[in-house]
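See structure below.
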Amino acid sequence: MLKDSAEFKELYPFESHYCRLKTGEQMHYLDECSAADRGKKEILLMLHGNPSWSFYYRKLIPEFQSNFRVIVPDHIGMGFSDKPQHYQYTLHRHIDNLQELLTEITDGTETVNLIVHDWGGAIGSGWALKNLQRVGKLIILNTGAFLSTEIPFRINICRIPGFGALAIRGLNAFAAGATVMAVEKKMPQNVKEGYLLPYNNWHNRIGTLRFVQDIPLKAEAESYKHLKMIERNLPRLQDKDILILWGGRDWCFNDSFFNGWRQRFPKAEYEYYSDGGHYILEDKGAEIISRLKIFFNLNNNVETEDITKGN
């Protein structure tokens, strides 16, 4: 199996951990920090979206694990977490799962810095608003945490009853399509296989479908009220140190979302990568790592006076 192959372990050389949730499911997460340092270092929490998983952050983890306790969970239904077939795959449930995970594996006092992408934006913002005293810095990568009626046609058709299940679960169109449509640089074959590894059959693609179905476009949608509440309370985060790193070629979280974040967080630093796609870490990983090290003051030898809030 690719999961056990030397090639995959070279791409994803991390030890897997699991947390048994109160509802019975096992939530997979990475926890890159020595046992002696846990509780002593700030946490860097990385939250993925759909159809990615913790694999998305594989390049960032080694760069920051010496300075932070890096925690990277897979949402239920995604990655190496359990994929129950009859489950409440909703925004509120994913936030509760994250809360339970962090309550279980941390002492509740460590500062938590967040990097959020795609659905991770809403999930992470929801958690942050419940734990304001713990939130350090916030890094936003092509995501949203506020209501929008915009939805690309190629995603909206995947919400059609029957057709959506056939396309996403039967043909793996959503996850496979993302390896091509979410990047501007051609993705190497082994990286494609890594993204698709957890979604190798009908059963294991339940989460990729349910996330699409949970997009709250109308008031009657299950997660609409929860996203509306998050949107209403986002101003409570505006005094945090915030960095927006944005791929300008993203056809899903397009510039209307980028502008939405800038309007809500006018003091935030930002970098706009005009040639970066939705999987911005695949297209602009090296540049983003460098920018994050400046943001976290980890490059003592870097002259920062020329770093502006935009480019």
Are Asn190 and Glu10 linked by a side-chain donor-acceptor pair shorter than 3.5 Å? no
Would you call Val212 and Asp214 a side-chain contact if the rule is heavy atoms closer than 4.5 Å? no
Beyond-backbone contact of His48 with His75, side-chain heavy atoms, under 4.5 angstrom: yes
Does the side chain of Glu32 reach to within under 4.5 Å of the side chain of Phe68, using non-hydrogen atoms? no
Does a donor on one side chain sit under 3.5 Å from an acceptor on the other, for Asp118 and His278? yes
Note, Ile71 side chain near Met46 side chain (heavy atom, < 4.5 Å): no
Could you check if a side-chain atom of Asn113 sits within less than 4.5 angstrom of a side-chain atom of Asp241, using non-hydrogen atoms only? no
If the condition is side-chain contact (heavy atoms from CB on, under 4.5 Å), which residues does Asn67 pass it with, not counting sequence neighbours? Leu298
Does a sphere of radius 6.0 Å around NZ in Lys225 hold more than 12 heavy atoms from other residues, nucleotides or ligands, not counting ones at 6.0 Å or beyond? no
Among Arg58, Lys185, Lys186, salt bridge (charged side-chain N to carboxylate O under 4.0 Å, His left out) partner for Glu282: Arg58
Has the side chain of Arg205 got a donor or acceptor atom that lies under 3.5 Å from a matching backbone atom of Leu209? no
Under 3.5 Å, is there a donor-acceptor pair linking the side chains of Asn200 and Asn204? yes
Result for side-chain contact (heavy atoms from CB on, under 4.5 Å) between Leu281 and one of Ile288, Asn142, Leu245, Val183 points to Ile288
Cluster link Met229 to Leu227, ILVMFWY, side chain under 4.5 Å: no
Quick one: are His94 and Tyr89 in side-chain contact, heavy atoms under 4.5 Å? yes
Stepwise side chain to side chain contact (heavy atoms under 4.5 Å, CB included) test for Phe253 and Trp246: CA-CA 9 Å; Phe253 288 96; Trp246 204 266; 4.1 Å; yes
Relative to each other, are the rings of Tyr272 and Phe258 parallel, tilted or perpendicular (30° and 60° limits)? tilted
Quick one: do Phe55 and Val191 satisfy side chain to side chain contact (heavy atoms under 4.5 Å, CB included)? Show the steps, please. CA-CA 9 Å; Phe55 184 80; Val191 175; 4.0 Å; yes
Less than 6.0 Å separating the ring centroids of Trp261 and Phe146? yes
If only side-chain N and O atoms count, and only distance matters, is there a donor-acceptor pair under 3.5 Å linking Thr208 with Asn50? no
Report the C-alpha separation of Asp283 and Arg249 in whole Å, then their side-chain angles, then the decisive distance to 0.1 Å, and conclude whether the salt bridge (Lys or Arg N to Asp or Glu O under 4.0 Å) test is met. CA-CA 10 Å; Asp283 287 335; Arg249 298 294 299 274; over 6 Å; no
Can Asp82 and Tyr87 be counted as having a side-chain donor-acceptor contact under 3.5 angstrom? no
Begin from the C-alpha positions of Ile244 and Arg262 and carry the test side chain to side chain contact (heavy atoms under 4.5 Å, CB included) through to its verdict. CA-CA 8 Å; Ile244 304 169; Arg262 294 211 58 215; 4.2 Å; yes
Evaluate the side-chain proximity of Leu47 to Leu114: yes if any heavy-atom separation is below 4.5 Å, no if none is. yes
Test salt bridge (Lys or Arg N to Asp or Glu O under 4.0 Å) applied to Glu271 and Lys284, step by step: CA-CA 11 Å; Glu271 299 288 345; Lys284 295 292 178 180; over 6 Å; no
Just by distance, with hydrogens left out, do His17 and Asp31 show a side-chain donor and acceptor under 3.5 Å apart? no
Look only at the side chain of Ser223 and the backbone of His226, and say whether a donor-acceptor pair between them is shorter than 3.5 Å. no
Any donor-acceptor N or O pair under 3.5 Å, side chains Thr143, His117: no
Find the distance between CG (Leu44) and CD1 (Ile61) and round it off to the nearest 0.5 Å. 9.0 Å
Kindly say whether the aromatic ring centers of Phe80 and Trp53 come within a distance under 6.0 Å. yes
Calculate, to the nearest 0.5 Å, the distance between atoms OH and CG belonging to Tyr57 and Leu30 respectively. 12.0 Å
Take Glu25 and Lys83, measure what salt bridge (Lys or Arg N to Asp or Glu O under 4.0 Å) needs, and give me the verdict at the end. CA-CA 8 Å; Glu25 295 78 25; Lys83 300 174 178 64; over 6 Å; no
Contact list for residues 87-106, test salt bridge (Lys or Arg N to Asp or Glu O under 4.0 Å), sequence neighbours left out: Asp96-Lys130
Just wondering, do Ile155 and Ile215 contact through their side chains at under 4.5 Å, heavy atoms? yes
Go through Glu110 and Lys40 one step at a time and tell me if the salt bridge (Lys or Arg N to Asp or Glu O under 4.0 Å) criterion holds. CA-CA 8 Å; Glu110 309 100 312; Lys40 298 178 182 178; over 6 Å; no
Of the options Ser54, Pro73, Cys19, Pro198, which is the one that meets His28 in a side-chain contact (heavy atoms from CB on, under 4.5 Å)? Ser54
Is the ring pair Trp119/Phe211 parallel, tilted or perpendicular, if the boundaries are 30 and 60 degrees? tilted
